[in-house]
Amino acid sequence: MRFKPLAIQVLQQILLYAVLFWLLVSAVRAGLLFYHGQKRLAEIPETVNTLYMPLLAQSVWDVELNTTQKELASISAINGVESVILETRLGQRLRYDSPHAGNAPHNVYHLDVHLNHGTRESLGTLTLFVSNKPVQSEIVNDLLSSMAQRVLDFTALALLIVFILRRRFVLPVQQLAQAARTFRPGEATPTFRLNYPSHIEDEMTQLLASFNAMRTSINNHLADRERYETALTQARDELARRVEERTAQLDRLLNFQQLVSAISSRFINIPLAEVNLAMSQALMQIGQFMDVDRCYLIGVDHLQIVSMVHEWQAPGIDSGKEGLGFAPLTARPSLFATLMREGVLNLPHCQSLPQADLASAQDAIQSMLMIRIDYLGHPVGVFGCDMLRHARQWQEEELVQARLLADMFANMIIRCQQLQDLSETQQQLEQANANLARMALSDSLTGLANRRHFDEEKRQAFDKARRKAEPLGLIMLDIDFFKEYNDHYGHLAGDQCLQQLAALLTRFFVYPGELAARIGGEEFAVLLPGLDAQAVRSRAEALRQAVWELNLPHASSRVADRLTISLGIAALDTANHSSIDQMIAEADAGLYRAKASGRNCTG
């Protein structure tokens, strides 16, 4: 790296900042000069209007050419005006250019020439060409003058700075640098002193004191380092032992986390039918991980009644489900009561407990650990582990893991309950949807298909008949004088009349594909797949006769003394029917003809 004296570096930076500051000041000054210059230039048109325009207008009015030229010369003499052009209303055009005119950019101003007395009539137009050149010249002259002055100032300042820096800063720093190069850590050296001209404390004397303190600190540090290295070797060996123990604990914790994650993931989207198998597998994995003889999960409802029992036991270990029927846990032996009250049951030695308090009457339990499972502050189950072949002192780590497993099982139990509730809700929803679908497609009064159902079926039947070239019939029918029936017998009787007619239609049209629908108040329609025109008319007449034979009284009818119907029919004709709506229109036309023919007939 190239050596460069510090004084020169400081001097260069000071001069650089001074130049930058001067440039900034010059830029501000130039900006102010430019602003005031532009302001003066912008005031030229107003000045011309005020001072020169009256005389110029008078000379133009009097047609005094010499006077006009003198006025134009006076205007062009204004600093910043390059050219003046006067165009009178008589067609005269006078121009006067300033002696200092150049090619600099300029602003153009157009002023009306008119007399100030009598009339405001325009005598012509005065055009001013105003240049920025005077402003620019003023800025340049000011900058050059300032630059010459600053060069002299910076030269004197540089010489003074070099002298002061060398005397008060560079020489002391060089002495410290030489002392630092000759310093050898660990060697006893006298206190270093500076050949420094100042007799008061300043930064250099503080730097000297810090240098001497640093040399002493380094020597002390070298003496202490040997002691630290010995202690560090001992601490490293102890740390290695602890790291090994902690690594084993972390490995076990990692395996436990992976176990919990795998079990939790299995229950995220599990179907209800697979819950029991998944519970058994989860308990098997937990039992093998915790190295116990038996582990179990008991679910309880809000009344603390056992709702489910899952258990895993190691090979050669009997089940402990006996006595865990679906009954309240509060009615169990005292162990369950204690567990429900305290939340944890840690029993490393169970030989002194009565056999009635144990989960199994066949095996003698040596050690037992049970955790109450809570969800939102309420008990929802019990998780427990048993040791039957030998006693076991449950470690704090195992208690923590058991609590974490209990928290996980809480979500599983709630998930199972939610799945069960969801299954029941889905069944109820399916039943409700079936009822809604049936209600949406049927008429609430008569039970026949409603207009919506009829519209869906008519298009499907029409498309199918055309596609397979099969016959299709349609009957449109209406009760004769039904309004009079309602007026005479009342609306309740009218509803009963509609229901009896609907029952007749239901009994009458029973073949596959035949659909009877109520499409209006007393209007009905029947789709008859597979029937040609003759067959449709035959069925329509049979229906009319069947209604006649119902013998429902109709005292207000003008046709007969009983209820009658009028019918219109249509049969698919592929040459004339391109849509089902055309068939309906044909049947409606037949129904209209039947009514016009006296009703109680088929049109």
Side-chain angles (χ1 to χ4, degrees), residues 434-435 437-465 470-482 485-486 493-552 554 562-572 577 579-592 594-595 599-603:
N435 293 334
R438 187 166 54 252
M439 293 171 60
L441 298 177
S442 62
D443 180 61
S444 59
L445 177 63
T446 64
L448 295 177
N450 58 13
R451 182 60 178 263
R452 175 184 175 186
H453 190 189
F454 176 74
D455 288 342
E456 294 176 355
E457 292 295 328
K458 69 181 183 183
R459 291 183 176 85
Q460 296 179 7
F462 181 81
D463 293 341
K464 179 180 178 183
E470 296 177 349
L472 175 64
L474 175 65
I475 299 176
M476 304 292 289
L477 60 105
D478 193 350
I479 299 176
D480 296 330
F481 302 108
F482 186 69
Y485 188 95
N486 274 335
D495 290 345
Q496 293 174 351
C497 174
L498 292 173
Q499 291 171 347
Q500 292 184 63
L501 178 57
L504 175 62
L505 293 174
T506 303
R507 295 192 304 270
F508 203 80
F509 298 102
V510 294
Y511 294 109
E514 295 183 343
L515 177 68
R518 182 188 180 195
I519 60 174
E522 68 274 15
E523 299 175 6
F524 297 83
V526 183
L527 281 174
L528 299 170
L531 297 186
D532 56 15
Q534 183 177 356
V536 173
R537 182 170 292 277
S538 176
R539 294 290 297 276
E541 279 299 315
L543 175 62
R544 187 186 63 79
Q545 185 62 34
V547 173
W548 178 267
E549 293 175 357
L550 283 177
N551 197 20
L552 296 177
H554 190 348
R562 65 184 70 185
L563 189 74
T564 60
I565 60 174
S566 297
L567 303 95
I569 63 172
L572 176 60
H577 298 152
S579 68
I580 185 63
D581 293 334
Q582 291 178 336
M583 287 186 63
I584 293 176
E586 181 178 326
D588 278 336
L591 178 59
Y592 179 77
K595 291 183 177 182
R599 290 183 170 83
N600 190 24
C601 62
T602 301

Please list, chain by chain and in numerical order, all residues satisfying side-chain contact (heavy atoms from CB on, under 4.5 Å) with [X], sequence neighbours excluded.
{"X": "Ala535", "result": "Leu531, Asp532"}
{"X": "Ala449", "result": "His453, Leu515, Ala517"}
{"X": "Glu586", "result": "Ala570, His577"}

Within a strict 4.5 Å, meaning less than it, do heavy atoms of the [X] and [Y] side chains meet?
{"X": "Leu591", "Y": "Thr602", "value": "no"}
{"X": "Leu528", "Y": "Leu474", "value": "no"}
{"X": "Leu498", "Y": "Phe482", "value": "yes"}
{"X": "Leu550", "Y": "Leu563", "value": "no"}
{"X": "Glu470", "Y": "Pro529", "value": "no"}
{"X": "Lys595", "Y": "Tyr592", "value": "no"}
{"X": "Leu543", "Y": "Phe509", "value": "yes"}

Next on the checklist: Going by the rule side chain to side chain donor-acceptor pair (under 3.5 Å), which residues pair with Lys464 if we only count those two or more places apart in sequence or in a different chain?
Outcome noted: none
Checklist outcome for this item: For Asn486, the side chain to side chain donor-acceptor pair (under 3.5 Å) test, sequence neighbours excluded, returns none
I'd like to know if the side chain of [X] reaches the main chain of [Y], judged simply by a donor and an acceptor atom lying under 3.5 Å from each other, with no hydrogens or angles considered.
{"X": "Ser566", "Y": "Asn600", "answer": "yes"}
{"X": "Arg518", "Y": "Gly521", "answer": "yes"}
{"X": "Arg562", "Y": "Asn551", "answer": "no"}

Item to check | His554: ring pair (Phe, Tyr, Trp, His ring centres under 6.0 Å) partners, not counting sequence neighbours | outcome: Tyr485
Checklist entry - For Phe454, what residues pass the ring pair (Phe, Tyr, Trp, His ring centres under 6.0 Å) criterion, not counting sequence neighbours? => result none
Item to check | Test side chain to side chain contact (heavy atoms under 4.5 Å, CB included) applied to Leu527 and Glu514, step by step | outcome: CA-CA 5 Å; Leu527 281 174; Glu514 295 183 343; over 6 Å; no
Output all residues satisfying salt bridge (Lys or Arg N to Asp or Glu O under 4.0 Å) with [X], sequence neighbours left out; order by chain, then residue number.
{"X": "Glu522", "value": "none"}
{"X": "Glu523", "value": "none"}
{"X": "Glu541", "value": "Arg544"}
{"X": "Arg537", "value": "none"}

Item to check | Leu501 and Ile479: CA distance, side-chain angles, deciding distance, side chain to side chain contact (heavy atoms under 4.5 Å, CB included) verdict | outcome: CA-CA 9 Å; Leu501 178 57; Ile479 299 176; 3.7 Å; yes
Rounded to the nearest 0.5 Å, how far apart are [atom1] of [X] and [atom2] of [Y]?
{"X": "Leu448", "Y": "Thr446", "atom1": "CG", "atom2": "OG1", "value": "3.5 Å"}
{"X": "Leu505", "Y": "Leu477", "atom1": "CG", "atom2": "CG", "value": "6.0 Å"}
{"X": "Met583", "Y": "Asp588", "atom1": "CE", "atom2": "CG", "value": "11.5 Å"}

Next on the checklist: As a quick check of understanding, evaluate side-chain hydrogen bond (donor to acceptor under 3.5 Å, both in side chains) for Asn450 and Ser442, giving each step before the final call.
Outcome noted: CA-CA 5 Å; Asn450 58 13; Ser442 62; over 6 Å; no
Next on the checklist: Taking atom CD as the centre, does Glu549 end up with more than 12 heavy-atom neighbours from other residues, nucleotides or ligands that are less than 6.0 angstrom away?
Outcome noted: yes
Checklist entry - Got more than 12 heavy atoms from elsewhere within 6.0 Å of CZ, Phe508? => result yes
Checklist outcome for this item: Residues pairing under side chain to side chain donor-acceptor pair (under 3.5 Å) where one sits in residues 497-511, two or more places apart or in two chains, turn out to be none
Checklist entry - Can you check side chain to side chain contact (heavy atoms under 4.5 Å, CB included) on Ile565 and Asp478, steps first, answer last? => result CA-CA 6 Å; Ile565 60 174; Asp478 193 350; over 6 Å; no
Next on the checklist: Using a strict threshold of under 4.0 Å (side-chain N to carboxylate O), is an ion pair present between Arg451 and Glu456?
Outcome noted: no
Checklist entry - Under a 4.0 Å N-O cut-off, is there an ion pair linking Asp463 with Arg459? => result no
Checklist entry - So Phe481 and Arg599, side chain to side chain contact (heavy atoms under 4.5 Å, CB included) or not? Walk me through it. => result CA-CA 9 Å; Phe481 302 108; Arg599 290 183 170 83; 3.4 Å; yes
Next on the checklist: Could you report the tightest heavy-atom contact between Leu567 and Ala540, atom names first, then the distance?
Outcome noted: CD2-O, 3.7 Å
